[in-house]
Amino acid sequence: MLNLQRVSEAYLEPVTRVVSEILRHDVDLAPSGIMIVGAFCRDIHHEALGHRTHLRPTNDLDVALAITGWDVYTNVTGHFRKVPSASNDIRYSIAGEPVDLLAFGDVENPTGSVTPPPRKEPLSVWGFEEIHRASLDLSLKPTMTIRLPSVPGYTAAKLMAWLDRSEYGEVKDAQDLALTTYWYAESREIEERLWANEGAEAEKEGFDVTLAAARLLGQDVATLIGEERLAELQDRWPGDERLLTKAFKPVETIPWTTDAGRTQEIIRALTRGLTEFN
C-alpha cells in the first residue's frame, strides 16, 4: 500500500531545499502549485510502496509549476543560474541541485504545450492539469506541502512520453511503464480491488493477476485524464508496438518475464484498460 511516510526525510532533503529556495523569493506561487514529476516522482513512489530495489539513477529534479502567466515563471527563474550545458534550456541550479523547471496551466498554448522563455521550441506538458488535480499531498519539513502525481498520474505522463520520445529511439519510458505495471501487480491494495465483488475485475483477464492489474492501471489512467485527453492518447497508443514490447521491462533487479509473448499480453491488457473510461 502506498505510504508516503515511508519515504525518508534524507531522501526528500534535496526536494525540500529546492522548493524552499524557490519559495524564499517573492514569487506569486503557492506550494500547492508545485508538483514533483519525472524520475524523483518515480523513486518516491517506489519507496513509498515499500520497494527497496535500485532504479535507474537520475541527476536532476523535475519541478512543474502551475502558473497563470509567464511573468511568474520569469520571476522564479530570474533568481537562479541557468545550467549552460542543458539542451532543454529549462535547467537551473537551485540550492546546488540541477532542476528542470516546467510550467503548466493558463500558459499552455495549445493545451498540453508550453514554450518557456527563452526557448523557441515548445515542450509537452500533456495532461499536467489533470494529473495535478488528482495529485497527492507530499509533506516536506518543516511545514510545506507540495504535490506529487499519483501512480496513475505518473503513468499517464509516461504513456504520452513514450509516444513522443520513442519516435526518436528513446525507450526509457517503456521501462518506467513496466515498473508502474509491476507496482500494481505487487500491490495488496490493488489485489483487494481485483478480488472485490467476487473477483469481477480479476475475471476480466481470466483471473490472471498480472494482466488484471495492468488492465486496472489502464482503467485508472483513463478515469484520471478524462475523455478529451484519453481520446488524444488512444489516437496514438501504442506507437511502435514491436519496440515497446522489446523495451517494456523494469530494471534487472526486479523480477520480470523474459518472454516477448507474455510481455505483449501485459501491454495489451493495459491497453484494454485504457478503453474503459468510468
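We use all heavy atoms of the structure for the numbers below, so side chains are in, but hydrogens, waters and symmetry mates are not.
- Panel note: side chain His132, backbone Gly33; no donor-acceptor pair is recorded below 3.5 Å.
- A salt bridge is absent between Arg268 and Glu265; no separation between the charged side-chain nitrogens and carboxylate oxygens falls under 4.0 Å.
- Listed for the Glu198 side chain is no donor-acceptor partner under 3.5 Å among the backbone atoms of Ala200.
- For Ser135 and Arg147, the side-chain atoms include at least one donor-acceptor pair closer than 3.5 Å.
- Between the Tyr73 side chain and the Leu101 main chain, a donor and an acceptor come within less than 3.5 Å of each other.
- Panel note: side chain Trp237, backbone Leu163; no donor-acceptor pair is recorded below 3.5 Å.
- Distance alone, capped at 3.5 Å, places no donor-acceptor pair between the Thr223 side chain and the Asp220 backbone.
- Cluster annotation: Leu23 and Ile94 are assigned to the same hydrophobic cluster (Ile/Leu/Val/Met/Phe/Trp/Tyr, side-chain heavy-atom contacts under 4.5 Å, transitive).
- Of the charged side-chain nitrogens involved, none lies within less than 4.0 Å of a carboxylate oxygen, so that Glu201 and Arg215 do not count as a salt-bridged pair.
- No continuous path of hydrophobic side-chain contacts links Val99 to Val83 [ILVMFWY only; heavy atoms under 4.5 Å].
- A salt bridge is absent between Arg188 and Glu191: the closest approach of a Lys/Arg side-chain nitrogen to an acidic carboxylate oxygen does not fall below 4.0 angstrom.
- To the nearest 0.5 Å, atoms OG1 (Thr115) and CG (Asn109) are separated by 8.0 Å.
- Heavy atoms of other residues, nucleotides or ligands lying less than 6.0 angstrom from CG of Asn197 number 12 at most.
- Although no hydrogens or angles enter the test, the distance criterion places no donor-acceptor pair under 3.5 Å between the side chain of Glu108 and the main chain of Val125.
- Considering CG of Leu217 and CG of Leu270, their distance stands at 5.5 Å, rounded to 0.5 Å.
- The distance from atom CG of Asp173 to atom CG of Leu244, rounded to the nearest 0.5 Å, is 10.5 Å.
- Using a 30° and 60° split on the angle between ring planes, His25 and Phe80 fall in the perpendicular class, above 60°.
- Rounding to the nearest 0.5 Å places CG of Leu140 at 5.0 Å from CG of Leu138.
- Summarising the local packing, NZ of Lys246 is surrounded by 12 or fewer heavy atoms from other residues, nucleotides or ligands at distances under 6.0 Å.
- A salt bridge does not link Glu232 to Arg236: none of the charged nitrogens lies less than 4.0 Å from a carboxylate oxygen.
- One N or O on the side chain of Trp256 and one on the backbone of Phe248 form a donor-acceptor pair closer than 3.5 Å.
- Using modelled atom types, no side-chain atom of Ser187 and backbone atom of Trp183 make a donor-acceptor pair closer than 3.5 Å.
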Next item on the list: Start with the C-alpha distance between Met144 and Ile34, add both sets of side-chain angles, then the distance that settles side chain to side chain contact (heavy atoms under 4.5 Å, CB included), and finish with yes or no.
Entry: CA-CA 11 Å; Met144 290 185 297; Ile34 299 176; over 6 Å; no
Next item on the list: Evaluate the criterion side chain to side chain contact (heavy atoms under 4.5 Å, CB included) for residue pair Asp100 and Tyr92; output intermediate values, then yes/no.
Entry: CA-CA 6 Å; Asp100 285 354; Tyr92 295 84; over 6 Å; no
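- Under the 3.5 Å distance criterion, the side-chain polar atoms of Arg229 are left unmatched by any main-chain donor or acceptor of Trp126.
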Next item on the list: Determine, step by step, whether Phe207 and Trp195 satisfy the ring pair (Phe, Tyr, Trp, His ring centres under 6.0 Å) criterion, reporting the C-alpha distance in whole Å, the side-chain angles of both residues, the deciding distance to 0.1 Å, and the verdict.
Entry: CA-CA 9 Å; Phe207 299 103; Trp195 294 103; 5.7 Å; yes
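- By the 30° and 60° cut-offs, the orientation of the rings of Phe128 relative to Phe104 is perpendicular.
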